[in-house]
Amino acid sequence: MRPRLLQHGRLLPWLEAELAAHYDCTMLEAQADPDAYLATHGGEFTLMATSVRTGADAALIERLPQLKMIAVFGVGYETVDLDATRARGIVVSNTPDVLNDCVADLAVGALIDLLRGISASDRHVRAGRWPQRNFPLATRVSGKQLGIVGLGRIGEAIARRASGFDMTVCYHNRRPRPDCPYEYVPDLLDLARRSDVLMVAAAATPGAPPTINAEVLTALGADGWLVNIARGALVDEPALVAALQAGTIAGAALDVFADEPNVPAALWSLDNVVLMPHIASATHETRRAMAELVFANLQHYVQHGQALTAVP
Ligand code: 8YV
């Protein structure tokens, strides 16, 4: 008999097909009444595949008394209740590493767009404004000071790319990384003060207050730029909107938001803001690699009782 697998949220079509071919698979959202469905069938499922957005909260985990493993389609897993999984010994896997390059590519692309005004100049041309006036001068990228908040695997990939633009890289982490050649700055405010560009690349902790708060934005200053490719929850969004409107920071490039897919309307009209709909990992190649890793994690668990990339 094929193991019962609960699919929570939409996944890449290739992965959905692969899951349906190898498991006795049910998509929770496809049920007319998911609650009633779980009340009757919740006890059948040993496996779950879920997106980052849908995750697995304590209430859902409780309704799946036989659940043994949750495979998350994404590197971030803050939407899975790890207290609930730990209490039950449920294995959780994510998709680290396979997305590092594409996320770092987008981070550096967003940084260049922000400082050089690529998206803003595109709007300038399309609106027919070029014949009236030249696009205003922008800010040089090469040689700038980059402060990375969260030097994990993605942060490192960003740092390597930034070094190619002769940027000086410093970083703030809970702990220094002696294996990395970049300067560790123990105080985040100090890092923000010293940075031309502050790059947020940290993981989110559920319930934690935003790391990039009004004080950090003030420290970044009127000539400082913010790039966030990590999680909206890491930034105090109302404080960021206020800082952008008041000009107390120079601008921001944001791939992630506090309440996706809702982007504060106050940001739409600001030309010093680059807005993206959470696309850092969204390439054919990377999404396929993530899907393959989700599938491999499930298969490995079924065959060997362990995930390939289990979260700590
Ligand atoms: C999502 C992400 O997985 O990996 C993560 O943590 O945030 C993204 O790559 C992606 O949006 C697919 O849901």
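The shown structure was predicted, so the numbers you read here are calculated from the model rather than taken from an experiment. Numbering of ligands and ligand atoms starts at 1, following listing order.
- Within the 4.0 Å heavy-atom cutoff, Arg231 counts among the residues contacting ligand 1.
- A salt bridge links Arg231 to Glu78: one of the charged nitrogens lies within less than 4.0 Å of a carboxylate oxygen.
- Heavy-atom contacts of Gly74 reach the following atoms of ligand 1: 3 (O), 4 (O), 5 (C) (cutoff under 4.0 Å).
- Of the protein's non-hydrogen atoms, Arg287 NH2, 3.3 Å is the one closest to atom 11 (O) of ligand 1.
- Considering backbone and side-chain N/O atoms, Gly76 comes within less than 3.5 Å of an N/O atom of ligand 1.
- Between Asp166 and Lys144 there is no salt bridge, since no side-chain nitrogen of the basic residue lies less than 4.0 Å from a carboxylate oxygen of the acidic one.
- For atom 4 (O) of ligand 1, the closest heavy atom belonging to the protein is Val75 N, 2.8 Å.
- The ligand atoms of ligand 1 that sit less than 4.0 angstrom from a heavy atom of Met290 are 3 (O), 9 (O).
- Under the 4.5 Å side-chain contact rule for hydrophobic residues, Leu11 and Val302 share a cluster.
- Annotation: atom 1 (C) of ligand 1 to nearest protein heavy atom, Val52 CG2, 4.0 Å.
- Counting heavy atoms closer than 4.0 Å to ligand 1, residue Leu99 contributes side-chain atoms (C-beta onward) but none from N, CA, C or O.
- Atoms OG1 and CD1, on Thr283 and Ile279 in that order, are 10.5 Å from each other to the nearest 0.5 Å.
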Inset, instruction - Begin with the C-alpha distance, continue with both residues' side-chain angles, and end with the deciding distance and a verdict on salt bridge (Lys or Arg N to Asp or Glu O under 4.0 Å) for Glu62 and Arg88. - result: CA-CA 10 Å; Glu62 199 185 314; Arg88 293 250 311 269; over 6 Å; no
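- Closest to atom 2 (C) of ligand 1 among all protein heavy atoms lies His278 NE2, 3.6 Å.
- Those atoms of ligand 1 with a heavy atom of Ser281 less than 4.0 angstrom away are 8 (C), 9 (O), 10 (C).
- At a cut-off of 3.5 Å, with distance as the only test, no side-chain donor of Glu44 or Gln66 sits close to an acceptor on the other residue.
- What sits closest to atom 3 (O) of ligand 1 on the protein, heavy atoms only, is Phe73 O, 3.1 Å.
- Salt bridge present: Arg177 and Glu156 bring a charged side-chain N and a carboxylate O closer than 4.0 Å.
- If you look at Phe295 and His22, their ring centroids are closer than 6.0 Å.
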